[in-house]
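Worksheet: one structure, shown below.
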Amino acid sequence: MKCFYYLPAVSLFVLTVLHSAAQTTGGLAAQDAMGTVQITPRNLLQPYTSQLSQSLLSGEGWKPFPQSPEGWATLLPDSVRRKIIKAGEAGLTYEFREIPMSLILDYMHTGTRVHYEALSFGKRGTLWDLVLAESVEGKGRFTGKILEGVWSICEETYWGSVAHLFLQKAGPGLPDVEDPTVDLFTAETAAVLAWADYFAGPVLEKLSPLIRPRIYYEVNRHVFAPMAGQKYGYLGGGRDDVKLNNWAPWVMSNYLTAVLLLEKDGARRMEGVQRAMHYTDQYINGLGEDGGCEEGPTYWTEGGACVFDILNLLHDATGGKINIYRQPIIQRMGAYIYKMHIAGKYYVNIADAAPEFVPDGLLIYRFGEVMGDAMMSGFGSWVVRTYPVGVSYEQFHRTRTLYDLAAWSACVSAPPLDAMVKDVWLENVQVMTARNDKGLFVAAHGGNNGESHNHNDVGDFMVYAGGKPVIIDVGPGTYTARTFSRGRYDLWFNTSPYHNLPVINGQQQPEGLQYAATAVSYKRDRKSSSLTMDIGKAYPMAAGIQSWVREVSMAAGGVTVTDRYAMKTVLQSLTQSFMTVCMADISKPGVVVFETEDHKKVSLYYDPTVWGATLEKVELGIPEEAGVRQHWDNRPVYRVLMTAKVLAARGSLTWKIPNQ
């Protein structure tokens, strides 16, 4: 699994989690110092909170998964159990090292987090493999190593990522043991230890009666107590009228797991469940009616999919009494993932989403089944059959993995369906996709430059042919300290000149909520579909734009992009970029011929009396660019740069990609 995309935003996140663009759907608008946030007070889970005392199963009465080899044998095929045991056997030689202070300070000095996280995540992943293997096999081979792993993690001062130490009052640096804070991976660690207690607790007690109390003590110290007392920014800072980022459901899914499994005090357990329900509601309230994820499909696995994890737990832990799967917003939130599918491993990659990944097919299948969405469940089965990945898709959502395992047999026997939706319009995140019968696909979006995990890319579009990339959104790079600092937009792949956008009078798009598409209009009929928007307000006043209306359309004959502009004075300069990983031939004026990865030729036509074209290879050398190389399987990234020969105060510019 490519795992670059899971790493969360830091400085930028603190800003964007509290603020979001006002969308066109109805709802309660809340104003704060930075802008307007759109909230629709659905509060779907709140009616169930008053019934929790009767509906919530006790910790002793809630047994969601087998705790014996015999139980697993009835649930999983032999082949899957063998894979689980093999993974556990690999962990028997693993060294549970302490995390040295030098790795924490390394991030402060270099901005590189991967060395610290490789050790931290490796310990948790290995412990999980050992715990699951012992539960499935039941011979005691793994218990000593499990005890070692549990103890090693319990001894750690801090469970989260070094990049998230900004949450503590002392700010970034070394962790303050007197100020424990809950980030994504602290909550995930609590869930791993909770499942270790659930599956291996009785055998660990035979090794030492102190180990299970130690697990609770550390989870309470690191997670339960600080979560009850803090008003984290990623949870709205104590405000209910704030749109929440994917951190909220991501943290809450793991927090809820730990509360349900470990908290023995009935009142505190109830309070924890209600807290998770509250913040899940608040996250759902911040979604537009289209259910779209403004952070893109790979972040859906940490947003919408985490909501499903929470709903799954609530449904299970109440014997089915909490059930909102058929609510329209939940249905649309789920369907988002297959609506963004282009072909194969390619997905529409807005913001910091990766262009290519394999989603959790088992989760998608399960989500589709409970929602009654046959396309979604069929798509999940297709993903599992087409891209088998072993016994787990996600390293930070172990509860999800358990429910996935329980659905394994049903999923692989279900009829697969490669979801390739013909036309999609998500009005709130302002994303359009369309495909024609000749294999062309186009996606375009409006939005604003103050979105979570933002790239300055209002009006960007991408084109695929035969399921292969032609004109691309390059995507994000490897996350470092600079990615979420004031230097974020010094990184070329986050800027508009390296998206498929114009640079107007030397001006590119700046970041900020106010730089947005206006007059956004989507149209579809039997012959074509199109997205029209004025992207002029996405540029600074210095660009001198009165209006810059871009129309991206798909018809039976192919893709057309048209820009109609009106300037305050005659243009002084104008360029237009087209990003690609294809070899591109610009030798013939008026046409750019792209050669896709499967050696098919795709032509883009332009007016050679208006434009001159050059081709440049983007040189990759800085640390952040490692992620770009990974996204595109080490293929070179090119920019076709068109420079205007004709400059006027008004005009119309057209590019066409016909069927090939």
Side-chain angles (χ1 to χ4, degrees), residues 1-8 65 80 83-84 86-91 94 96-97 99 113-133 135-136 146 149-150 152-153 156 159-164 182-196 199 223 246-247 249-258 297-306 308-310 312 345 352-354 356-364 366 383-384 387-405 408 478-479 627 630:
M1 181 186 76
K2 294 184 178 180
C3 56
F4 50 82
Y5 64 83
Y6 57 70
L7 301 175
F65 300 103
V80 175
K83 289 178 181 179
I84 290 172
K86 185 177 180 180
E89 288 172 339
Y94 181 84
F96 283 99
R97 296 167 47 209
I99 299 178
R113 55 202 280 181
V114 294
H115 306 302
Y116 173 94
E117 289 176 346
L119 179 53
S120 176
F121 298 167
K123 291 171 70 172
R124 286 139 180 83
T126 302
L127 175 61
W128 173 255
D129 290 340
L130 292 163
V131 166
L132 207 55
S135 184
V136 167
I146 291 170
V150 167
S152 177
I153 291 171
E156 292 176 2
W159 285 353
S161 168
V162 286
H164 303 156
V182 183
D183 79 332
L184 302 173
F185 308 117
T186 303
E188 182 259 335
T189 302
V192 169
L193 289 174
W195 285 120
F199 288 119
V223 178
N246 67 68
W247 273 44
W250 189 345
V251 168
M252 284 299 120
S253 61
N254 284 310
Y255 169 73
L256 179 61
T257 295
T298 47
Y299 274 95
W300 176 89
T301 67
E302 321 300 352
C306 285
F308 179 60
D309 293 338
I310 294 165
N312 211 159
K345 296 181 183 179
D352 263 352
E356 187 181 24
F357 82 115
V358 177
D360 185 338
L362 290 163
L363 167 109
I364 293 170
R366 293 188 292 110
V383 171
V384 170
Y387 303 107
V389 294
V391 296
S392 177
Y393 286 86
E394 298 284 354
Q395 61 176 317
F396 302 122
H397 308 290
R398 269 70 184 216
T399 304
R400 182 183 302 173
T401 295
L402 291 169
Y403 282 106
D404 280 353
L405 289 172
W408 188 290
T478 299
Y479 285 0
Q630 184 183 21

Minimum heavy-atom distance [X]-[Y], with the two atoms named:
X	Y	answer
Ala258	Ala191	CB-N, 4.4 Å
Gly88	Leu130	O-CD2, 3.4 Å
Val383	Pro359	CG1-O, 3.5 Å
Gly160	Asp183	CA-OD1, 3.2 Å
Cys306	Trp250	SG-CA, 3.6 Å

Distance from [X] atom [atom1] to [Y] atom [atom2], nearest 0.5 Å?
X	Y	atom1	atom2	answer
Trp247	Leu184	CH2	CG	4.5 Å
Phe121	Ser161	CZ	OG	5.5 Å
Phe357	Thr301	CZ	OG1	6.0 Å
Asp360	Arg366	CG	CZ	7.0 Å
Leu363	Asp309	CG	CG	6.5 Å
His164	Thr186	NE2	OG1	9.5 Å

Does any part of the side chain of Thr401, heavy atoms only, come nearer than 4.5 Å to the side chain of Leu362, both counted from C-beta? no

Any side-chain heavy-atom pair of Leu405 and Leu132 under 4.5 Å: yes

Using modelled atom types only, decide if a donor and an acceptor are shared between the side chain of [X] and the backbone of [Y] within a distance under 3.5 Å.
X	Y	value
Asn312	Arg400	no
Trp159	Ile153	yes
Thr126	Gly91	no
Ser253	Pro249	yes

Against Ser120, only a single residue in Glu117, Lys123, Arg124 fulfils side chain to side chain donor-acceptor pair (under 3.5 Å); can you say which? Arg124

Which label fits Phe185 and Phe396: parallel for a plane angle under 30°, tilted from 30 to 60°, or perpendicular past 60°? tilted

Look at the rings of Phe65 and Trp195 and say which category their plane angle falls in: under 30° parallel, 30 to 60° tilted, over 60° perpendicular. perpendicular

Do Asn254 and Thr257 have side-chain N/O donor and acceptor atoms under 3.5 Å apart? no

Are Tyr94 and Asp129 close enough that a side-chain donor and a side-chain acceptor fall under 3.5 Å? no

